[in-house]
Undergrad: 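Have a look at this one before I ask anything.
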Amino acid sequence: MVSIILGIVFIAFTVFAVLPVCPLAWGPEVIAFLKGFAPVLAAFIGLICVLIGVADLKDKAEAKKEDAASKDTESKENK
């Protein structure tokens with residue numbers, strides 16, 4: 001319950017700070033921050049995607065090895 005109230009308070013402050021009619025009027029600064037942060041965020045997300053892709057390829061290769069090993073042991077047991 002406390003987290004919901006704090007979330008509402010922070011959202012209300014954000015709206016208050018960004019609106020041009022309020023005394024803070026941080027709208028242009030927020031836009032400038034978002035413009036500067038967007039490429040950094042895109043690079044970070046891209047790096048995470050690459051790391052997830054590499055881990056997925058490793059997992060698939062290991063699964064193939066395990067399948068091949070289990071087929072070898074099954075064929076040896078049948079003989």
Side-chain angles (χ1 to χ4, degrees):
M1 186 68 174
V2 174
S3 62
I4 293 173
I5 294 170
L6 281 176
I8 292 170
V9 168
F10 280 120
I11 290 171
F13 173 74
T14 303
V15 170
F16 174 77
V18 173
L19 288 177
V21 295
C22 296
L24 294 176
W26 289 349
E29 288 86 0
V30 171
I31 298 298
F33 170 77
L34 292 174
K35 285 181 179 178
F37 185 67
V40 175
L41 181 64
F44 184 68
I45 291 172
L47 179 65
I48 290 172
C49 289
V50 167
L51 293 176
I52 289 172
V54 168
D56 188 40
L57 290 175
K58 286 182 180 179
D59 288 344
K60 285 182 181 179
E62 188 168 326
K64 278 186 179 180
K65 287 180 185 177
E66 288 177 4
D67 286 343
S70 67
K71 287 180 183 178
D72 286 343
T73 53
E74 285 177 7
S75 65
K76 289 179 183 177
E77 289 175 358
N78 290 335
K79 289 182 180 183

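Count residues from 1 along the sequence. In this text, all values refer to a predicted model and were calculated from it rather than measured experimentally.
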Undergrad: If you look at every heavy atom in P20 and A25, which pair is closest and at what distance?
TA: O-CB, 4.0 Å
Undergrad: Any idea how F33 and F37 line up, ring-wise: parallel (<30°), tilted (30 to 60°), or perpendicular (>60°)?
TA: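 Judged by the thresholds at 30° and 60°, the geometry between F33 and F37 is parallel.
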Undergrad: For residues V40 and G36, report the shortest heavy-atom separation together with the two atoms involved.
TA: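 Nearest heavy atoms, V40 then G36: CG2-O, 4.0 Å.
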Undergrad: A side-chain contact here means heavy atoms from C-beta on lying under 4.5 Å apart; do F44 and I48 qualify?
TA: yes
Undergrad: First locate atom OG1 of T14, then atom CZ of F10, and finally report the distance between them rounded to the nearest 0.5 Å.
TA: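 Atom-to-atom, T14:OG1 and F10:CZ are 8.5 Å apart.
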Undergrad: Do L24 and L19 share a hydrophobic cluster, counting only Ile, Leu, Val, Met, Phe, Trp and Tyr and linking them when any side-chain heavy atoms are less than 4.5 Å apart?
TA: no
Undergrad: Of all heavy-atom pairs between F16 and P23, which one has the smallest distance, and what is that distance?
TA: CZ-CD, 3.7 Å
Undergrad: Which of these passes side chain to side chain contact (heavy atoms under 4.5 Å, CB included) with I8: L6, I4, I5?
TA: I4
Undergrad: Using 0.5 Å steps for rounding, measure from the CG atom of L34 to the CD atom of E29.
TA: 12.0 Å
